[in-house]
Amino acid sequence: MLISDIKVATMSDDGPGYGLIEDAGLVIEADKIAWVGPISDLPPQYSSLEIRSFDGRLVTPALIDCHTHIVHGGNRATEFEMRLEGASYEEVARAGGGIVSTVTATRDNSEADLLAAALRRADALIAEGVATVEIKSGYGLDRDTELKMLRVARAVGLARPIHVVTSFLGAHAVPSGKDADSYIDNTCIPALRAAHEAGLVDAVDGFCEGIAFDTDQMRRVFEVAKQLGLPLKLHAEQLSHIGGTALAAEFGALSADHVEYATEADAAALAESGTVAVILPGAFYAIRENQAPPIDAFRKHGVPMAVATDWNPGSSPLGSLLLAMNMACTLFRMTPAEALAGTTRNAARALAQSDRGIIAAGMRADLAIWDVHSAAELSYGIGINPLHKRIFGGAL
Ligand code: DI6
Ligand code: FE
């Protein structure tokens, strides 16, 4: 199939722009892109193909949400209300709120109920042109529930036309009444081995924070992940600076996520290790954080930046990747081109998916076709979804 009468934001050069081709053509063969370029350069062997015209619309790589927690039970709207009525964080926690309430709901929900809720969330992302989503465990905090969450995540990818990349996040929170060290050694690490054995783990993540796990505890999880040959990610420097970013860089992690409190030295270390900084403006917004991530330092050192929703029931109930792009620009002064690179090329890199995220011959034909005149409009609109059509693996 030849797609014509389009503009293409290829996102294929590492430069600051969109890699834009005006008056472009794009040839799809099976599930791959066979050719892209100015239509005037169309190689003769493609001139007899069936043509689909898209009336001047913009084509980008399909979007990639590289950090989500869309498998979880329940929601925390009551807690949101309580906080707005003046309840303190502690009062909310004592009333059974906080991450503990999501853990309880996730343990109690059946696999079918968890899947039904996750599919509704996946559908919202698909409707915005997302074709690859990362989904974390981490609301089980016991072996069986962590495995259940990961099975549900895999099931999302079987039930819908979307790729799912799973991350094991057993080191997300210390279960109530447990000691952090013994939880890591006696529950989290054995659960990781079991989940890996069951083929459920694509990457290993953790929450390195004062209220969760320190760098020594995360290092123990990372050592086991490394033995198992699994790539690493880390929630680092979200609420304070305790050294998670340096740990992620030391281990050559795929990504360090949040990174609000990262320093310039951290930026240099991420650049050196080729680790992506995943920017999560939804959490910054929802918890009314004041410290913005050091975007200038990331730029200066050449750290690739991704943008994701962090969709979770607590700190980021954000179900729109386009809105995350807008927030990254408005709250953090990222450019619209950086925001789009953050949900395409750099998001693919944060998930080690080298066959997507840019438009070039040989890449997967996962594409988004938009009713916009310029690529900046994707980040400019607030709560506007200009998706015309999504192409998944060459299928319209
Ligand atoms: N970072 C966060 O902000 C959360 N998890 C994480 O790793 C919060 C998750 C929650 O509140 O449910
Ligand atoms: Fe998260």
Side-chain angles (χ1 to χ4, degrees), residues 65-80 82-83 89-90 92-93 95-107 109 114 117 121 133-141 145-146 149 153 165-176 180 188 203-214 217-218 221 232-240 242 244-245 248 253-262 276-289 291 293 306-319 321 324 327 347 350-351:
D65 193 349
C66 70
H67 181 142
T68 86
H69 309 247
I70 62 167
V71 173
H72 60 258
N75 71 64
R76 309 235 289 269
T78 308
E79 172 180 328
F80 176 66
M82 282 172 69
R83 275 191 278 113
Y89 205 79
E90 207 191 338
V92 169
I99 196 163
V100 176
S101 77
T102 302
V103 170
T104 305
T106 305
R107 287 178 181 173
N109 274 198
L114 283 177
R121 299 179 192 120
V133 62
E134 184 259 15
I135 305 178
K136 302 176 195 299
S137 70
Y139 289 116
L141 310 184
T145 314
E146 289 295 309
M149 289 184 72
V165 177
T166 59
S167 296
F168 175 84
L169 180 59
H172 189 197
V174 185
S176 42
C188 179
V204 175
D205 196 348
F207 190 19
C208 190
E209 191 56 66
I211 57 167
F213 299 99
D214 65 25
Q217 290 154 349
M218 281 319 311
V221 177
L232 304 170
K233 309 172 78 65
L234 193 63
H235 290 65
E237 263 74 81
Q238 180 188 3
L239 308 169
S240 60
I242 67 163
T245 311
L254 293 174
S255 69
D257 301 45
H258 288 286
V259 290
E260 275 87 342
Y261 287 82
V276 176
V278 178
I279 306 300
L280 302 168
F284 174 92
Y285 168 85
I287 66 174
R288 297 166 59 87
E289 175 62 65
Q291 172 102 6
V307 173
T309 60
D310 195 15
W311 193 345
N312 76 62
S315 64
S316 187
L318 171 62
L321 189 55
M327 288 173 156
L351 299 178

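Keep in mind it's a predicted model, so treat the numbers as computed, not measured. Note that ligands are numbered from 1 as they come in the structure, with each ligand's atoms numbered from 1 the same way.
- Within the protein, the number of N, O or S atoms lying under 2.8 Å from the Fe ion (ligand 2) is 4.
- Put simply, the side chain of His258 does not reach to within 4.5 Å of the side chain of Glu209, judged on heavy atoms.
- Counting heavy atoms from C-beta outward, Tyr139 and Asn312 have side chains that approach closer than 4.5 Å.
- When all heavy atoms of Ser240 and Gly210 are compared, the pair lying nearest together is OG-N, 4.3 Å.
- Shown here for Ala171 and Met218, the closest heavy-atom pair between the two residues is CB-SD, 3.8 Å.
- At a threshold of 4.5 Å between non-hydrogen side-chain atoms, the residues Phe168 and Glu146 count as touching.
- Within the 4.5 Å cutoff, no side-chain heavy atoms of Ile242 are placed close to those of Tyr261.
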Any chance you could lay out the side-chain hydrogen bond (donor to acceptor under 3.5 Å, both in side chains) test for Asp257 and His235, step after step, and finish with the verdict?
-> CA-CA 5 Å; Asp257 301 45; His235 290 65; 5.9 Å; no
Find all protein N or O atoms under 3.5 angstrom from an N or O atom of ligand 1 and list the pairs with distances, or write 'none'.
| unit_1 | atom_1 | unit_2 | atom_2 | d |
| --- | --- | --- | --- | --- |
| ligand 1 | 1 (N) | Gln238 | OE1 | 3.1 |
| ligand 1 | 3 (O) | Gln238 | OE1 | 3.2 |
| ligand 1 | 3 (O) | Gln238 | NE2 | 2.9 |
| ligand 1 | 3 (O) | Ser315 | OG | 2.6 |
| ligand 1 | 5 (N) | His172 | NE2 | 2.8 |
| ligand 1 | 7 (O) | His172 | NE2 | 3.2 |
| ligand 1 | 7 (O) | His235 | NE2 | 3.2 |
| ligand 1 | 11 (O) | Arg76 | NH2 | 2.7 |
| ligand 1 | 12 (O) | Arg76 | NH1 | 2.9 |
| ligand 1 | 12 (O) | Arg76 | NH2 | 3.4 |
| ligand 1 | 12 (O) | Tyr139 | OH | 2.6 |

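- In this structure Thr309 satisfies the side chain to side chain donor-acceptor pair (under 3.5 Å) test together with Asp65, sequence neighbours excluded.
- With sequence neighbours excluded, no residue forms a ring-ring contact (aromatic ring centres under 6.0 Å, His included) with His72.
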